[in-house]
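Have a look at the structure that comes next, please.
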Protein chains: 2
Amino acid sequence: MKDRRPYRRESEERRRDDLIAAALELVAEGGAKAATVRAISEKAGVTAGLIRHYFANKEELTRAAYTRLMDQMTSQSLAVLQDAPSDPVIRLALFIAASVSPPVSDPVAVALWAAFVQELRRDPEMHAVHRVTYLGFRDLLQSLIEALPAPPADPRRSAIACNGLIDGLWMEGALLPEAFEKDELIDIALDCSGAILHIDLATAYRTEREKT
Amino acid sequence: MKDRRPYRRESEERRRDDLIAAALELVAEGGAKAATVRAISEKAGVTAGLIRHYFANKEELTRAAYTRLMDQMTSQSLAVLQDAPSDPVIRLALFIAASVSPPVSDPVAVALWAAFVQELRRDPEMHAVHRVTYLGFRDLLQSLIEALPAPPADPRRSAIACNGLIDGLWMEGALLPEAFEKDELIDIALDCSGAILHIDLATAYRTEREKT
DNA sequence: GCGTGAATTACACAGTTGTATAACAAGGCC
DNA sequence: GGCCTTGTTATACAACTGTGTAATTCACGC
């Protein structure tokens, strides 16, 4: 007489992944308030109770989603170096260009990021995630800068500056795309990073792009 | 027999101001989700029903609060020019330094800003507010750049770049203050804006500061 | 095949949310 | 000083929130 919904047992990893992915999609679509336990579980194809079987509470799921988002963005910027030439100037130029253009610089990604930023001040664990991912990205940038033929005297300062420039343009390009022409932000990011580092990143990028 | 709460009638402007201020304080303290109609009205010293007497719905109050926040931040950056000398290099340096240091660069302000950013994609009116305030700030910066003795060839590009740098450092300094030494971000912002514009903003700022 | 443990569903619950509506009272006007 | 507009309170309501708990049913070991 019961018409209980049939289901399949899945691995813990699979279920956690599905729930995190569903949460991110919902936050992207409708802001943090749209990611309710019921909406998340429905999108993941399970019932609400299961969330608390894999996460102690909703906060923990939120943290997991934030970590996943930041890891994704860093690895997307890094992916462009996978099959890049070994010339450090070209590598830096490609990395910077990738960071201020899609899919890294994307309205959905920025909105997602903003949704989590509000939690940083209140949740020490979220703050820790932020520190690790921010410093991780910056250190990556710094290592690219230190590999340059004529590295700057204070690579840490240079990395902070370029990181600030990248983050600002990343955000502005995603939030107000109609205010910029195609590739304008890439050009600006390369020109100004070049001015900061006293090298010509723009032509290095252009010649590399024309090679294909 | 009724012990109905006594009250005073106030002007529409006063009530709207109080409600907006209460909403901003709550978002700052506990994120967007803390700004419920009941919490807002309690903090403003009224009952919940009154909100809908002054705002058609909660969304409208949210929009008003966002507009107010952005106006405040721009005017705070601008305030430093009030009694600044007429030397355009000094004026630009003061403006940039103010934008990446308290009270403009502040964890509360950044968290508030992030809380609203999530709405930009969904709410066209919020998007319009964002466009106006972003372009307003950038145009201000561009006018300061154009006033320089040797203005750059493309002031728009320079303004976009400096704005990006400022926004990035504004955000990073507020979100992870322990990662930077005192005045480090001001120095970096001035050095790198100077590199982009080919002028020496850092010494202009330092000599101006030592004048007092 | 068949038990058995655990993944999953189903349901309940108390609290909160935004909103609608009616009763009330403050303060200006004559 | 009494009326009348309307700012303000009070209360109701249905929808939704996160969470706790018991009942089911899947899938694996034997």
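Numbers restart at 1 for each chain; the letters A, B, ... are given by sequence-line order, proteins then strands. The figures here come from the full heavy-atom set of this structure, side chains too, leaving out hydrogens, waters and symmetry mates.
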### Query
Can we call the ring centroids of A:F95 and A:F137 under 6.0 Å apart?
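Ring centres of A:F137 and A:F95 closer than 6.0 Å.
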Parallel, tilted or perpendicular: which one describes the rings of B:W113 and B:W170, with boundaries at 30° and 60°?
perpendicular
With the side chain defined as heavy atoms from C-beta on, B:R9 is closest, among D:dA10, D:dT5, D:dG18, to D:dT5
Next on the checklist: Once you apply a heavy-atom cut-off of 4.0 Å, does A:F55 come out as touching a base, just sugar-phosphate, or nothing?
Outcome noted: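 Contact class for A:F55: none.
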Heavy atoms only, 4.0 Å cut-off, all strands: where does B:R38 land among base, sugar-phosphate and nothing? base
query = What's the shortest heavy-atom distance between A:N163 and B:E172, and which atoms?
reply =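 Scanning both residues, the minimum pair turns out to be O-OE2, 3.7 Å.
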Exercise for review: May I ask you to decide whether B:E119 forms a salt bridge with A:K33, counting only side-chain N to carboxylate O separations under 4.0 Å?
Suggested key: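 Here B:E119 pairs with A:K33 in a salt bridge, since their nearest N and O are under 4.0 Å apart.
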Using a 4.0 Å heavy-atom cut-off, does B:E10 contact any base of the nucleic acid, only the sugar-phosphate backbone, or nothing at all?
sugar-phosphate
Practice problem: Could you please name the option among C:dG27, C:dA10, D:dT9 that lies closest to any side-chain atom of B:R4? | Solution: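 Out of C:dG27, C:dA10, D:dT9, the nucleotide with an atom closest to B:R4's side chain is D:dT9.
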Taking C:dT9, C:dA25, D:dT19 as options, the one with an atom nearest any side-chain atom of A:Y7 is C:dT9
Just checking B:T36: base, sugar-phosphate only, or nothing, at a heavy-atom cut-off of under 4.0 Å? sugar-phosphate
Would you indicate, yes or no, if C:dT8 has its OP1 or OP2 atom less than 4.0 angstrom from a side-chain nitrogen or oxygen of A:R15?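 For C:dT8, OP1/OP2 do have a side-chain N/O of A:R15 under 4.0 Å.
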Measuring to OP1 and OP2 of C:dA7, would you say a side-chain N or O of A:Y54 lies under 4.0 angstrom away?
no
Between NZ of A:K58 and P of C:dG15 the distance, given in whole Å, is 20 Å
(message) Nearest heavy atom decides the nucleotide; on that basis, is B:P6 or B:A56 closer to the 5' end of DNA chain C?
(response)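 Residue closer to the 5' terminus by nearest nucleotide: B:A56.
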Length of the line joining A:I40:CD1 and D:dT19:P, which is rounded to integer Å
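It works out to 11 Å between those atoms.
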Any base atoms under 4.0 Å from A:R5, or only sugar-phosphate, or nothing? Heavy atoms, all strands.
sugar-phosphate
Spacing between B:E42 atom CD and D:dT8 atom P, to the nearest angstrom
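The answer, rounded to whole Å, is 18 Å.
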task: Output yes when B:D18 and B:R14 qualify as a salt bridge under the 4.0 Å nitrogen-oxygen rule, no when they do not.
output: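 Here B:D18 pairs with B:R14 in a salt bridge, since their nearest N and O are under 4.0 Å apart.
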**Item:** B:R52 CZ to C:dG18 P, straight-line distance once rounded to whole Å
**Value:**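 Value for this atom pair: 11 Å.
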When rounded to whole Å, the CG to C1' distance for the pair A:L19 and C:dT8 reads 12 Å
### Message
Check this one for me: any side-chain N or O of A:H53 less than 4.0 Å away from OP1 or OP2 of C:dA7?
### Response
yes
